[in-house]
S.K.: 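Here you go, one structure.
Each residue takes its place number in the sequence, starting with 1.
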Amino acid sequence: NKGETRVSKHIKRYLSRYREACDELDSLTEEHERIISNIMSITPSYGGDSGPSGAKDKVGDGVAELVDHCRKIDDEIKYYIAVRDDVRSVVREVMHENVTCGQSLHYRYIMGWSPIVVASNMGYSERQERDIHRKALERARKIVERRGTAQSPPQTAAFPVV
């Protein structure tokens, strides 16, 4: 039974990545937009000879660094979108196999609801919802195993792949 608990924790961590990915996407998107705004406000007009050339080089170097940072953020954004979509597709596949199990996972991991709220929303007792959730986790585990390994995060990813 300990092995089952360990597997259950593993799949719960896997499914919890959805909410984590959404949070990271929000944060990264804000940072990306802030950097782009800064780039647009500091990029000088290179049409004339105003100011020393060293100042232009420093500004150009600064803009290049910001652009590189934006590219790294873009890579992270793509990774978290893939994580979010992967978890969502596992939940959908569970839902196709068994609607009740899929709803349990959707409410818990996609919507982020507590077990008590899920049970109430689905019209079950807490014990019934725990049983449904356990069965749903087993279905999700089989799907994840069948699909193989998850994709690797970028070097700067905020949380590890489980």
Side-chain angles (χ1 to χ4, degrees), residues 2-41 63-162:
K2 277 190 175 187
E4 182 179 318
T5 303
R6 190 172 59 246
V7 169
S8 181
K9 285 180 182 178
H10 174 75
I11 198 67
K12 283 180 183 180
R13 279 193 312 269
Y14 171 83
L15 293 168
S16 295
R17 293 171 58 208
Y18 180 86
R19 301 294 317 156
E20 294 170 13
C22 289
D23 292 344
E24 287 296 323
L25 281 169
D26 289 344
S27 174
L28 290 166
T29 300
E30 286 176 22
E31 184 177 0
H32 188 272
E33 289 171 0
R34 182 182 52 77
I35 291 170
I36 293 298
S37 175
N38 286 337
I39 289 172
M40 299 308 273
S41 69
V63 169
E65 284 181 32
L66 288 172
V67 168
D68 286 344
H69 188 63
C70 270
R71 285 189 184 119
K72 290 176 186 172
I73 291 172
D74 286 342
D75 289 344
E76 280 192 82
I77 287 171
K78 289 173 191 171
Y79 167 73
Y80 289 116
I81 288 171
V83 166
R84 185 192 61 191
D85 292 350
D86 186 52
V87 171
R88 191 182 303 151
S89 74
V90 168
V91 171
R92 275 196 202 117
E93 196 167 329
V94 169
M95 189 152 327
H96 286 296
E97 291 178 4
N98 183 294
V99 173
T100 304
C101 286
Q103 284 178 321
S104 175
L105 294 180
H106 178 80
Y107 290 145
R108 286 248 196 138
Y109 299 98
I110 306 299
M111 301 299 293
W113 293 356
S114 72
I116 294 169
V117 172
V118 173
S120 173
N121 191 292
M122 292 180 71
Y124 293 112
S125 70
E126 289 179 52
R127 184 190 60 74
Q128 288 172 312
E129 199 285 325
R130 276 192 309 272
D131 289 342
I132 292 166
H133 184 247
R134 194 172 16 261
K135 291 174 186 170
L137 289 174
E138 180 58 25
R139 288 177 182 271
R141 181 191 63 77
K142 288 178 181 175
I143 291 166
V144 169
E145 282 180 0
R146 189 170 57 237
R147 288 183 176 185
T149 58
Q151 60 177 305
S152 299
Q155 295 291 344
T156 56
F159 60 90
V161 176
V162 282

S.K.: From I81 CD1 over to C22 SG, what is the distance, rounded to the nearest 0.5 angstrom?
M.R.: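 If we round to the nearest 0.5 Å, I81:CD1 and C22:SG are 10.0 Å apart.
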S.K.: Set out, in order, the CA-CA distance, both residues' side-chain angles and the distance that settles side chain to side chain contact (heavy atoms under 4.5 Å, CB included) for H10 and V144, then state yes or no.
M.R.: CA-CA 11 Å; H10 174 75; V144 169; 5.5 Å; no
S.K.: Could you check whether R34 pairs with E30 (Lys NZ or Arg NE/NH1/NH2 to Asp/Glu carboxylate O, under 4.0 Å)?
M.R.: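 Here R34 does not pair with E30 in a salt bridge, since their nearest N and O are not under 4.0 Å apart.
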S.K.: Please round to the nearest 0.5 Å and tell me the distance separating atom NE2 of H32 and atom CG of D74.
M.R.: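 Answer rounded to 0.5 Å: 3.5 Å.
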S.K.: Flag the pair K142 and E97 as a salt bridge only when some basic side-chain nitrogen lies within less than 4.0 angstrom of an acidic carboxylate oxygen.
M.R.: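 No, this pair does not count.
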S.K.: Please answer whether the main-chain N or O of K12 pairs with a side-chain N or O of S16 as donor and acceptor at a distance below 3.5 Å.
M.R.: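 Yes.
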S.K.: Are K135 and E138 close enough for a salt bridge, meaning some N to O gap below 4.0 Å?
M.R.: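 Salt bridge absent between K135 and E138.
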S.K.: With rounding to the nearest 0.5 Å, note down the distance linking CE in M122 to CD in Q103.
M.R.: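 Answer for the CE-CD pair, M122 versus Q103, is 4.5 Å.
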S.K.: Applying ring pair (Phe, Tyr, Trp, His ring centres under 6.0 Å), run through Y109 and H133 and close with a yes or a no.
M.R.: CA-CA 11 Å; Y109 299 98; H133 184 247; 5.7 Å; yes
S.K.: OG1/T100 to CG/L105 distance, rounded to the nearest 0.5 angstrom?
M.R.: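 Here the rounded value is 11.0 Å.
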S.K.: Drop me the distance from I110's CD1 to L15's CG, to the nearest 0.5 angstrom.
M.R.: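 Nearest 0.5 Å value for the CD1-CG distance: 7.5 Å.
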S.K.: Compare every heavy atom of S104 with every heavy atom of I132, then report the nearest pair and how far apart it is.
M.R.: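 Closest approach of I132 to S104: CG2-CB, 3.8 Å.
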S.K.: Under the salt bridge (charged side-chain N to carboxylate O under 4.0 Å, His left out) rule, what pairs show up with a residue in residues 104-125, not counting sequence neighbours?
M.R.: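 Only R108-E129 qualify under salt bridge (charged side-chain N to carboxylate O under 4.0 Å, His left out).
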S.K.: Between D131 and R127, is the closest basic N to carboxylate O distance under 4.0 Å?
M.R.: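 D131 and R127: salt-bridged.
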S.K.: Could you pull out the closest heavy-atom pair between I35 and C70, with the gap in Å?
M.R.: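 Scanning both residues, the minimum pair turns out to be CG2-SG, 3.3 Å.
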S.K.: Which heavy atom of A119 sits nearest a heavy atom of S125, and at what distance?
M.R.: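 So the two residues come closest at CB-O, 3.8 Å.
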S.K.: Hey, is D75 close enough to K72 for a salt bridge, meaning N to O under 4.0 Å?
M.R.: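 Answer for the salt bridge query: no.
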S.K.: To the closest 0.5 Å, what do you measure between CD1 (I77) and CG (D26)?
M.R.: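 The CD1 atom of I77 sits 10.5 Å away from the CG atom of D26.
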S.K.: Measuring only between side-chain heavy atoms, which start at C-beta, is R141 closer than 4.5 Å to L137?
M.R.: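 Side-chain contact under 4.5 Å: no.
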S.K.: With a 4.5 Å cut-off on side-chain heavy atoms, are V90 and Y14 touching?
M.R.: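 Sidechains of V90 and Y14: in contact.
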S.K.: Any side-chain heavy atom of E76 sitting closer than 4.5 Å to one from E31?
M.R.: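 The answer is no; the side chains never approach within 4.5 Å.
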S.K.: Does E126 have any side chain to side chain donor-acceptor pair (under 3.5 Å) partners at least two apart in sequence or in another chain, and if so, which?
M.R.: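 Listed in chain order: nothing, the list is empty.
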S.K.: Checking side-chain hydrogen bond (donor to acceptor under 3.5 Å, both in side chains) against E93, which of R88, R139, R147 comes through?
M.R.: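 Of the listed options, the one satisfying the test is R147.
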